[in-house]
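Below, chains carry the letters A, B, ... as their sequence lines are ordered, and counting in each starts from 1.
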Amino acid sequence: MSIGLARLREEPERIRQGAIDKGEDPSIVDAALALETRRRELLGESDQLKAERNSASRQIGEAIRAGAAPTGPEVAALRKASTDAGTQIERIDAELAAAETQLEELMVRIPNPADPDVPVGDESANQVVRTWGEVLPKDVTANGVQWTRRPHWEVAADLKMFDLERGAKITGSGFPVYTGPGSRLQRSLIDMMLDIHTGEHGMTEIWPPAMVNAASARGTGQIPDKEDLMYIVTRDELYLVPTAEVPVTNLHRDEIFEADQLPIRYAAYSPCFRREAGAAGKDTRGILRVHQFDKVEMVFFEKPEASTEALEWLTSRAEVILQRLGLAYRVLLMATKDMGFVQAKKYDLEVWAPGVERWLEVSSCSNFRDYQARRMAIRYRPEPGAKPELVHTLNGSGLALARTVAAILETYQQEDGSLIVPEALKPYMKVDRVVR
RNA sequence: GGAGAGGUCGCCUAGUGGCCUAGGGCGCCGCACUGGAAAUGCGGUAUAGCGCAAGCUAUCGAGGGUUCAAAUCCCUCCCUCUCCGCCA
């Protein structure tokens, strides 16, 4: 469950409206509410009976210690009382377990209500909140010479930066092989991003496992919701991570922080594996949609009162990377029906790729409020000794590599077929230009 | 992969069927003592659910079983450590 039973009881209207805004069925909220009432009744009865049974058992021990015969009538009566309670407990607990299972099934289908400042509607209601950089044209006229920017796969083939055919041979389509300067570019981008996030933004670097267990996949909601998205190693019950969000957020599952430990801000590189089921035929050329790519992910654990501002900062940290790379981009505030089930507010960063003349999503920055934290039981003490409260979690790419690479190739390609290395990458690439 | 040892309240540890409703130490918090501190003494110190409250219920790695009653006995699984094997 993810929105919390207390909140369900306290503000069912807001939750019902939240479901409607996200295009989900609001009747689930009413069904859950009714089931929750029933659950509490059963729980009360069960607790009462358990108290009776415990009391009878305790009295048997006391009676025997006081000298009563273990087979005598006094003990027999107590034993019967305990057994009778036990029989009823069995019955009620079975009913209770059924109610809880049902309730949980309903609760996971209730979405996290969007923040009040999120536009209501489908993707047509998404708002462009800002753009940065020059949106380059495909056709270029410079110094009287006319040429046309090519799509990234042509630039890459020309400069031998990646090899999609051989990737398909050794693994399958959608598994690119980066070669020579292409491989070096991957390494440089990861290095540069981590350097900026740790050195300038004060985040702690994490290098997580690329596979997680079922409990972790459940924690961030990959199962059961998005099971089709993931590659699953059934023999060992492990899941290849679709994003570093999964291992990194789960780092603190079932933990309680002290207030002075927050915020905790991580930057993590990981490869990302996505089956992309149902996406066959879309973006089949180049590296815009692949099954394995690399990404630096930012994951924040914040005090509730700080999370609104933290999302703005998180988003701006992803923008810093695009700015350093000199890539034109825009920031979209996603509307309720386009933002996802668990997010309260989400910004997408789209980079301009002049070769394919498209905006490419390279980052998605979200505030989950306490929705994820509840599922994973990540809490903190507002004051020393105080009752633990849920933290707020946020995450955002900073950035996903494959599409960033595509934008770099298409933005920095030259008329002569070479590629200028963006200023910020030169110290990592060790060259100013990639040539044939 | 094999053999052995072990997983208890933040940490260490006691606990082999019923005053364990989990004891002790460390750490931490409060109070006392002090000019201030150390030392010392007293008290407090897990999480969740239910209840106006007193309190009740659950949790001793996880799950199941035996029993009137399980931290304790039985079964399955997970993890950690030591040794061996294999191996980047």
Side-chain angles (χ1 to χ4, degrees), chain A residues 1-10 32-104 107 207 209-219 223 233-239 247 250-262 264 271 370 373-391:
Chain A
M1 70 188 60
S2 294
I3 59 158
L5 294 170
R7 188 171 171 203
L8 174 72
R9 294 198 298 261
E10 281 156 23
L33 214 46
L35 208 49
E36 160 62 359
T37 307
R38 179 69 185 140
R39 185 191 70 89
R40 287 211 290 171
E41 281 171 14
L42 290 167
L43 190 65
E45 287 178 45
S46 176
D47 279 1
Q48 169 94 41
L49 285 163
K50 280 172 185 165
E52 284 170 24
R53 181 181 61 181
N54 289 349
S55 157
S57 283
R58 211 173 299 128
Q59 284 173 49
I60 291 173
E62 281 164 13
I64 292 172
R65 233 176 297 121
T71 49
E74 186 191 349
V75 170
L78 287 167
R79 198 169 291 199
K80 182 171 188 315
S82 180
T83 311
D84 287 352
T87 311
Q88 290 190 67
I89 289 166
E90 215 166 303
R91 181 175 53 78
I92 287 172
D93 276 1
E95 209 180 323
L96 181 61
E100 276 173 348
T101 306
Q102 266 184 61
L103 181 57
E104 214 159 306
M107 291 304 283
W207 196 288
M211 292 192 238
V212 294
N213 58 29
S216 297
R218 204 170 300 115
I223 54 176
V233 182
T234 51
R235 183 168 176 167
D236 298 291
E237 251 191 284
L238 293 172
Y239 300 75
N250 274 284
L251 235 35
H252 297 298
R253 174 153 47 89
D254 297 317
E255 291 186 13
I256 301 171
F257 299 115
E258 294 302 324
D260 61 11
Q261 291 176 273
L262 297 177
I264 291 172
D370 64 11
R374 179 171 296 104
R375 202 183 281 215
M376 279 188 271
I378 306 174
R379 293 163 292 172
Y380 82 109
R381 269 178 235 288
E383 302 290 336
K387 189 176 152 65
E389 283 178 24
L390 294 165
V391 303

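Spacing of P atoms, rC84(B) relative to rU16(B), comes out at 34 Å, to the nearest Å. When the P atom is used for both rC74(B) and rG1(B), the distance is 25 Å, rounded to whole Å. Taking atom P on both rC56(B) and rC19(B), the two are 15 Å apart, rounded to the nearest angstrom. To the nearest whole angstrom, the two C1' atoms, one in rC9(B) and one in rC60(B), are 9 Å apart. When the P atom is compared between rC68(B) and rG61(B), the two are found 25 Å apart, to the nearest whole Å. Between rU76(B) and rU82(B), the two C1' atoms lie 25 Å apart (nearest whole Å). Straight-line distance between the C1' atoms of rU72(B) and rG18(B): roughly 11 Å, to the nearest whole Å. The separation of rG36(B) from rG24(B), taken at their C1' atoms, amounts to 33 Å, rounded to a whole angstrom.
Closest of all the heavy-atom pairs between D93(A) and S46(A) is OD1-OG, 2.7 Å. For Q261(A) against E258(A), the heavy-atom pair with the smallest separation is OE1-N, 2.6 Å. When all heavy atoms of S216(A) and N250(A) are compared, the closest pair comes out as O-ND2, 2.9 Å. What you find for R40(A) and R9(A) is that their closest heavy atoms are NH2-CD, 3.4 Å. Closest approach of Q88(A) and L49(A) over heavy atoms only: CB-CD1, 3.8 Å. The two residues L96(A) and R39(A) have their closest heavy-atom pair at CD1-O, 3.5 Å.
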Under 3.5 Å, N/O pairs linking protein and nucleotides 7-9 of chain B:
none

Between the protein and nucleotides 59-66 of chain B, which nitrogen or oxygen pairs are less than 3.5 angstrom apart?
none

Between protein and nucleic acid, restricted to nucleotides 16-19 of chain B and to nitrogen or oxygen atoms under 3.5 Å apart, what atom pairs and distances do you find?
unit_1  : atom_1 : unit_2 : atom_2 : d
rG18(B) : O2'    : R65(A) : NH2    : 2.5
rG18(B) : N2     : S57(A) : O      : 2.8

Anything under 3.5 Å between a protein N or O and an N or O of nucleotides 85-88 of chain B, put it in a table, one pair a line.
none

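Of the residues R53(A), E52(A), Q59(A), R58(A), the one that meets the side-chain hydrogen bond (donor to acceptor under 3.5 Å, both in side chains) test with S55(A) is Q59(A).
Across the protein-nucleic acid pair, R53(A) atom CZ and rU21(B) atom C1' stand 16 Å apart, rounded to whole Å. Spacing between atom CG of L49(A) and atom C1' of rC68(B) amounts to 15 Å, rounded to whole angstrom units. Remark: C1' of rA69(B) and NZ of K80(A) are 18 Å apart, rounded to the nearest angstrom. If you take CD of E258(A) and C1' of rC29(B), they are 12 Å apart, rounded to a whole angstrom. Atom-to-atom, CD of E383(A) to P of rG30(B) comes out at 13 Å; the value is rounded to the nearest Å. Rounded to a whole Å, the CD1 atom of I89(A) is 12 Å from the C1' atom of rA58(B).
Enclosure of atom CD in E237(A) is not indicated, since only 12 or fewer non-hydrogen atoms of other residues, nucleotides or ligands lie within 6.0 angstrom. A 6.0 Å sphere centred on CD of E74(A) holds no more than 12 heavy atoms belonging to other residues, nucleotides or ligands.
In this structure, T83(A) contributes its side chain and R79(A) its backbone to a donor-acceptor pair below 3.5 Å. D370(A) places no side-chain N or O within 3.5 Å of a backbone atom of L390(A) that could act as its donor or acceptor partner. Remark: the backbone N or O of A259(A) is not paired with any side-chain donor or acceptor of R381(A) at under 3.5 angstrom.
Looking at I264(A) and L262(A), their side chains come closer than 4.5 Å, going by heavy atoms from C-beta outward. Side-chain contact between I64(A) and I60(A) is present, with at least one heavy-atom pair separated by less than 4.5 Å. L5(A) has its side chain within reach of L103(A): a pair of non-hydrogen atoms, C-beta onward, lies under 4.5 Å apart. When side chains are defined from C-beta on, M211(A) does not count as touching Y239(A), because their heavy atoms never get closer than 4.5 Å. E95(A) is listed as a side-chain neighbour of R38(A), based on a closest heavy-atom distance under 4.5 Å.
With a 3.5 Å ceiling on both atom-pair distances, rC52(B) lacks any Watson-Crick or G-U wobble partner. Judged by Watson-Crick or G-U wobble contacts below 3.5 Å, the nucleotide rG36(B) has no partner. The pairing partner recorded for rG10(B) is rC26(B), the criterion being a Watson-Crick or G-U wobble arrangement whose two distances lie under 3.5 angstrom. The partner of rG17(B) is absent, by the rule that a Watson-Crick or G-U pair needs both atom distances under 3.5 Å. In this structure, rC73(B) forms a base pair with rG65(B), meeting either the Watson-Crick or the G-U wobble geometry with both donor-acceptor distances under 3.5 Å.
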Inset, instruction - Can you check each nucleotide of nucleotides 45-56 of chain B against protein heavy atoms at under 4.0 Å and return B for base, S for sugar-phosphate only, - for none, in 5' to 3' order? - result: --SSBSS----S
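Both S46(A) and T83(A) lie near RNA chain B, and the one whose nearest nucleotide falls closer to the 5' end is S46(A).
Take E10(A) and apply the salt bridge (charged side-chain N to carboxylate O under 4.0 Å, His left out) test, not counting sequence neighbours, and it matches no residue.
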